[in-house]
Amino acid sequence: MTAALHPDTLAVHGGRSELSALGVHALPIDLSTTNPLPDIERGGDSYEAMATGGRPPADGSMVYARLWNPTVARFEEALAELEHTEATVAFSSGMAAMTAVILAHGPAAGKHHVVAVRPLYGGTDHLLGSGLLGVDTTYCAPHEVASALRADTGLIVVETPANPTLEIADIAAIVAQAGEVPVVVDNTFATPVLQNPIDLGAAMSLHSATKYLGGHGDVIAGAVACDERTAEALRRGRAVTGGLLHPLGAYLLHRGLTTLPVRMRAQQESARAIVQWLIDRPEVAEVFYPGLDGDPEGILRRQMRGTGAMIALRMRGGYAAASAVTSATTLFTHAVSLGGVDSLIQHPAALTHRPVPAEARPDADVLRLSIGLEHVDDLIADLAEGFAAIARGVQGEDQSFGSATVPVTSRSVGMRSRL
Ligand SMILES: Cc1ncc(COP(=O)(O)O)c(C=O)c1O
């Protein structure tokens, strides 16, 4: 399909080019785990092609669903179009996707070092530091990437906007520091609706597809958009390690893509209104949202087409206040995850970022909001209810409880101003 189409159109039509020839209109779900082989030779050739990361030959077979599945492949094609690249490789989760990226660019490529720009999603930070995948990781700030590189650096990992406090890293500037080393950008928060890292020189755009791509909180999945050569290495890893996406999940993700641009715009509009409301609230010490500093270096203008629907906030009453709010909201479900049609609230230090070392963990007074598709007035009223519970909950409570149980750090990059 031509890249000149608008993203809204690609989101609806991507990955569907063969449906007319198949005589169907809705996306078919192929649940076959195994596939007929035309003969031993062509079956063997097909196996060889896919086990080494290629696609099924036209006269061959898909052989086995760990190697290839057409429902998954259609979703992959659609996301590749939205990400302005040749291919996508889908995985059973965002963490499986990150694991495949690290393995393909680390040990499998003879490299044993990764540079990771903090902050990152807690699971990614933890995976990189765990030593489980045979790589050393140097964590750094965006401007420190060049000095963190080593002869055996195989990969640079960056997340922008970052989970949970929405720091923005300049993708092109990181790519410029990287030289020949490939950069993977976790694009989960922005989605291809707001940002295309590959247009800015990144080698890979990674998603926890569990979030906005699916959009309905009913699929765990991951995806990496990249060129065909990188896709081959990732498919090889997927075939060997088995971190593949189930076709029912791929179907739901592909259907979810059709509404992604509309959902992102609507959720972002509410998020911006909620940010304006939050910055005037006495209970809130700091609001974290892209662009609140006026974008002095022009990074947002260069690399994003919007500011998204994730917000973080620092509560004036510390951990006790944060805890009171999460227990009192009703429309905002107190739950981890993000990017769905319904709004969520959660405490990063205790949950999504719990495995991060204390010096890099979000502060104990920080909450993260994922804004959904409910009416914005209802969401604001729900947050107001949550804030009203602070006064009730804090009375007589030991204020030091939170910082005693959840270690805090002093890092803070949020801003408090008007959008
Ligand atoms: C930014 C980001 N990247 C990656 C992941 C991991 O994705 P998954 O939970 O699908 O494995 C998450 C999960 O919250 C995330 O927020």
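All residue numbers in this chain count up from 1 along the given sequence. Counting starts at 1 for both ligands and their atoms, in listed order.
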Enquirer: Any carboxylate oxygen within less than 4.0 angstrom of a Lys/Arg side-chain nitrogen, looking at Arg55 and Glu228?
Expert: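 Yes, charged N to carboxylate O under 4.0 Å.
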
Enquirer: Heavy atoms, side chains only, cut-off 4.5 Å: are Leu22 and Pro28 in contact?
Expert: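 Yes, side chains in contact.
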
Enquirer: Could you give the side-chain donor-acceptor pairs of residues 153-162 under 3.5 Å, partners two or more places apart or in another chain?
Expert:
unit_1 : atom_1 : unit_2 : atom_2 : d
Thr153 : OG1    : His113 : ND1    : 2.7
Thr153 : OG1    : Arg150 : N      : 2.6
Thr153 : OG1    : Arg150 : O      : 3.0
Glu159 : OE1    : Tyr121 : N      : 2.9
Glu159 : OE2    : Tyr121 : N      : 3.1
Glu159 : OE2    : Asn163 : N      : 2.9
Thr160 : OG1    : Ala169 : N      : 2.9

Enquirer: So, applying side chain to side chain contact (heavy atoms under 4.5 Å, CB included) with Leu313, which one of Val366, Ile345, Leu278, Thr165 is it?
Expert: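 Exactly one option meets the side chain to side chain contact (heavy atoms under 4.5 Å, CB included) with Leu313, and it is Leu278.
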
Enquirer: Looking at residues at least two apart in the chain, or sitting in another chain, which of them share a salt bridge (charged side-chain N to carboxylate O under 4.0 Å, His left out) with Arg66?
Expert: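 If we apply the salt bridge (charged side-chain N to carboxylate O under 4.0 Å, His left out) test to Arg66, skipping adjacent residues, there are no hits.
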
Enquirer: Pairwise, report which nitrogen or oxygen atoms of ligand 1 are under 3.5 angstrom from protein nitrogen or oxygen atoms, and how far apart they are.
Expert:
unit_1   : atom_1 : unit_2 : atom_2 : d
ligand 1 : 3 (N)  : Asp186 : OD2    : 2.6
ligand 1 : 7 (O)  : Ser208 : OG     : 3.0
ligand 1 : 10 (O) : Gly94  : N      : 2.9
ligand 1 : 10 (O) : Ser208 : OG     : 2.8
ligand 1 : 10 (O) : Thr210 : OG1    : 2.6
ligand 1 : 11 (O) : Gly94  : N      : 3.0
ligand 1 : 11 (O) : Met95  : N      : 2.9
ligand 1 : 14 (O) : Lys211 : NZ     : 2.8
ligand 1 : 16 (O) : Asn163 : ND2    : 3.0

Enquirer: Under the side-chain hydrogen bond (donor to acceptor under 3.5 Å, both in side chains) definition, can you give me all pairs with a residue in residues 320-340, not counting sequence neighbours?
Expert: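 Those involving residues 320-340 are Thr330-Asp382.
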
